[in-house]
Amino acid sequence: METIRQRIAGRALLPGAKLPSIRKLAATLKVSTSTVVEAYDRLVGEGTILPRPGSGFYVTHQAGGAAIPFSVADAGPKRDRAVDPFWVSRQSLEADAGDAKPGCGWLPPDWLPEESIRRTLRTLSRAQNPILAEYGSPLGLTPLRQLIGRRMAERGIEASPDQILLMESGTQAIDILCRLLLEPGDTVLVDDPCYFNFHALLRAHRARIVGVPYTPSGPDTDAFAKAVADHRPRLYITNSAIHNPTGAVLSPVSAHRVLKIAEANDVIIIEDDIFADLEHSPAPRLAAFDGLDRVIHIGSFSKTLSASGRCGFIAARAEWIDSLTDLKIATTFGGGRLTAELVYGVLSDGTYRKHLEALRQRLSKTMQTVSTRLRNLGVTPWLDPQAGMFLWCRLPDEIDATEVARTALRQGLVLAPGNAFSLSQTATGFMRFNVSQMQEPQVFDLLRDILAAQRGQKDGA
C-alpha cells in the first residue's frame with residue numbers, strides 16, 4: 001500500500017493510470033499474491049484506486065484528495081509557520097517515524113503497558129455485541145467512573161460516580177467546560193508559562209486570556225490577586241500537581257491563597273491533573289481543599305496508558321455535571337463505550353499499578369541522566385522536578401530557543417521553544433524537554449552542534 005501511495009505522490013502513477021497486475025507487483029515486491037490482493041482491496045476501500053472488472057486497477061482522479069500539481073513542500077509538514085500554540089503540536093504529530101521528539105508531551109510506545117492493552121483488546125474481541133457496536137451512556141461506563149472516584153480519593157478528592165463524567169480526553173474536557181462556562185469576551189487566567197494548548201483552546205472560544213507568572217510553588221499569588229482585581233476573570237485554568245511545562249508543584253500555602261482569592265471574587269478554577277499517575281507521592285490539589293465547590297477537576301489516561309485510546313474525565317458539582325452531560329450529548333451524542341471498556345480493563349487487571357511504579361522509577365533515573373547531560377551543554381533546568389517527564393530549561397548565552405527549534409526541525413529533531421508556552425512571550429531563552437524522548441545520544445550531539453552554531457552567529461553579530 002505504501003509503495004503505491006509513494007508512486008502516486010511522486011507522480012510515477014498519474015490519475016487514471018493503470019496499476020501493475022497483481023502477479024506482476026507480487027513478483028516485483030517479492031510478496032505473495034494474496035498480500036497484493038489485500039493491499040489493493042484496502043486501497044480501493046480508502047478511495048485511492050478503483051477496480052475495473054476484466055481490466056485491472058486504476059488510480060482515481062482524486063487519489064489522496066483533489067488532484068493538484070505535486071509539490072515537494074506539500075509532501076511534508078509545513079515548517080515555516082509562526083511558532084504559535086499549534087507549532088509544537090503540529091511538528092510533534094506530523095514528524096516522521098525516525099525523527100526524535102524531545103518537544104512532544106507523551107511517552108514513547110515502549111514505555112506504556114503494551115501487553116496489558118493487547119490482553120484487554122483480546123478480551124474485548126470476545127465481548128457481547130452491545131459493547132462492540134452500541135453507544136455508551138452519556139455519563140460513561142459506571143465501573144470506570146467508580147474506579148476513578150476511588151483513585152481520586154487517594155489524593156484527597158471526594159467525588160461520587162454521579163459527579164464524574166467521562167470524556168474522550170482532557171482537552172475535550174476543557175473544551176466542553178468552556179462551552180458551559182464562557183461567553184465570547186470573558187477573561188480567563190492562565191499560568192505563564194502554561195501548556196500551550198490552553199492558549200489555543202481559549203482563543204477558539206474567543207476568550208480574553210491573561211497570564212499570571214508561575215513560581216516553583218505555584219502562581220505568584222500577589223500577581224494572581226492583582227490580575228483578578230484588574231480583569232475580573234470568569235475562569236482560572238492550571239495544573240496543580242505536576243505543572244506543564246515547569247514540573248513545579250503547588251504548595252499548600254499557595255493553594256489556600258488562590259482559593260481564598262477565587263472565592264472572594266467568584267472565579268471558577270479548572271484543575272488539569274493529567275500527570276497525576278506520574279507522582280511518587282500526592283501533591284496538594286485545589287479540588288481536595290475546595291471539595292469540588294468552585295474547582296472542577298479533570299484528568300485522562302493518555303500519558304500513562306495510551307494516547308491512542310482517548311479517555312478522560314471531569315469531576316465537578318452534581319448540577320454542573322447535569323448541564324455538561326447535556327452538552328456532551330449535543331456535541332458527541334453517546335460516550336466512547338469501547339475505549340472506556342479498554343481503559344477499565346487495563347486499570348483493573350492488577351498490572352497497572354506495577355506499571356506505574358516501574359514507570360516512575362524509570363522517569364526518575366532518566367530525569368537525572370538527561371539533566372546532567374543538558375547541564376554539560378550549558379542548558380540549565382529551572383528547577384529539579386519531583387516527578388514527571390519534563391525539564392523546563394534555560395539555554396546558555398541568551399540564545400533564542402525559537403531559532404534553535406527551527407534549526408533542529410530541519411535536521412529531524414522536534415523541540416519545544418519556551419515562547420510557545422508563554423502568553424507574555426518572556427520565555428525566549430527557555431526550552432521544555434521531554435526526558436523520555438531523549439534516549440538516543442545523537443539528540444545531545446545535535447543539540448550541542450546547534451547551540452554552538454547559534455553562539456557563533458551571536459558572536460559574529
Side-chain angles (χ1 to χ4, degrees), residues 88 100-108 111 155 191-196 212-221 238-255 271-286 303-304 356-399 401 404-405 415-422 426-441 443-444 447-448 451:
V88 178
K101 299 187 286 290
C104 80
W106 54 86
L107 297 171
W111 288 51
R155 302 181 181 99
D191 302 321
D192 193 348
C194 73
Y195 173 41
F196 45 74
V212 175
Y214 207 77
T215 77
S217 59
D220 182 320
T221 52
T238 187
N239 308 115
S240 59
I242 302 174
H243 186 259
N244 181 9
T246 67
V249 173
L250 181 70
S251 73
V253 173
S254 296
E271 181 177 50
D272 182 356
D273 201 22
I274 64 170
F275 299 103
D277 283 346
L278 300 181
E279 287 182 299
H280 295 282
S281 57
R285 258 60 174 195
L286 292 166
K303 305 303 180 185
T304 54
L356 290 181
E357 290 172 5
L359 176 59
R360 292 168 191 145
Q361 293 175 5
R362 187 175 186 182
L363 276 171
S364 292
K365 183 178 179 180
T366 305
M367 184 76 73
Q368 293 175 3
T369 300
V370 171
S371 179
T372 298
R373 297 195 70 172
L374 287 173
R375 290 178 194 273
N376 290 338
L377 297 178
V379 179
T380 309
W382 185 65
L383 56 73
D384 294 314
Q386 298 177 19
M389 67 178 81
F390 298 134
L391 278 172
W392 180 243
C393 297
R394 186 187 298 276
L395 301 184
D397 304 321
E398 299 182 350
I399 291 175
V404 171
L415 297 175
N419 273 346
F421 304 85
S422 175
T426 55
T428 303
F430 282 84
M431 188 83 74
R432 189 195 72 179
F433 294 98
N434 180 344
V435 300
S436 71
Q437 299 280 355
M438 301 180 71
Q439 301 303 292
E440 300 299 328
V443 171
F444 296 94
L447 184 59
R448 180 197 60 224
L451 291 173

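Fair warning: this is a prediction, and the values are worked out from it, not measured in the lab.
Side chains of Asn434 and Lys101 form no contact here, defined as non-hydrogen atoms less than 4.5 Å apart. Side chains of Leu374 and Pro381 form no contact here, defined as non-hydrogen atoms less than 4.5 Å apart. Taking the side chain as every heavy atom from C-beta outward, Thr246 and Pro193 approach each other to under 4.5 Å. Looking only at side-chain heavy atoms (C-beta outward), Val212 and Thr238 stay at 4.5 Å or farther from each other. Using a 4.5 Å heavy-atom cutoff, the side chains of Ile274 and Asn244 are not in contact. Side-chain contact between Leu363 and Ser436: present, with at least one pair of heavy atoms (C-beta onward) separated by less than 4.5 Å. Between Trp111 and Gln439 there is a side-chain heavy-atom pair separated by less than 4.5 Å.
The shortest heavy-atom contact between Leu250 and Pro219 is CD1-CD, 3.9 Å. Nearest heavy atom pair, residue Gln437 against residue Cys104, reads NE2-SG, 3.5 Å. The shortest heavy-atom contact between Leu377 and Leu451 is O-CD1, 4.1 Å. The nearest pair of heavy atoms linking Arg155 to Arg285 is CD-NH2, 3.4 Å. The two residues Arg394 and Phe430 have their closest heavy-atom pair at NH2-CZ, 3.3 Å. Counting all heavy atoms, side chain and backbone alike, Gly247 lies closest to Pro385 at O-CB, 3.9 Å.
From Leu359, atom CG reaches atom OG of Ser364 across 9.5 Å, with rounding to the nearest 0.5 Å. Atoms CG and CG, from Leu278 and Leu107 in turn, are 6.5 Å apart once rounded to the nearest 0.5 Å.
For the ring pair (Phe, Tyr, Trp, His ring centres under 6.0 Å) test with Phe390, the passing option among Phe275, Phe433, Trp382 is Phe275; the others fail. Screening Arg360, Glu357, Gln361 against His280 for a side chain to side chain contact (heavy atoms under 4.5 Å, CB included) leaves a single residue, Arg360.
No side-chain donor from either of Asp220 and Thr215 sits under 3.5 Å from a side-chain acceptor of the other.
Not one N or O on the side chain of Asp272 forms a donor-acceptor pair closer than 3.5 Å with the backbone of Asn239. When atom types are taken as modelled, the side chain of Thr366 and the backbone of Arg362 share a donor-acceptor pair closer than 3.5 angstrom. Side chain of Ser254 to backbone of Ser217: a donor-acceptor contact under 3.5 angstrom is found. Using a distance-only test at 3.5 Å, with no hydrogens or angles considered, a donor-acceptor pair links the side chain of Arg432 to the main chain of Gly103. Checking side-chain atoms of Lys303 against main-chain N and O of Gly105 turns up a donor-acceptor pair under 3.5 Å. The closest donor-acceptor contact from the side chain of Glu271 to the backbone of Ala241 lies at 3.5 Å or more, if one exists at all.
With sequence neighbours left out, Arg448 forms a salt bridge (Lys or Arg N to Asp or Glu O under 4.0 Å) with Asp445. Taking Phe421 as the reference, Phe196, Trp392 meet the ring-ring contact (aromatic ring centres under 6.0 Å, His included) condition, with sequence neighbours excluded.
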Discussion item. Between Leu395 and Thr428, does the side-chain contact (heavy atoms from CB on, under 4.5 Å) criterion hold? Intermediate values first, please.
Written reply: CA-CA 9 Å; Leu395 301 184; Thr428 303; over 6 Å; no
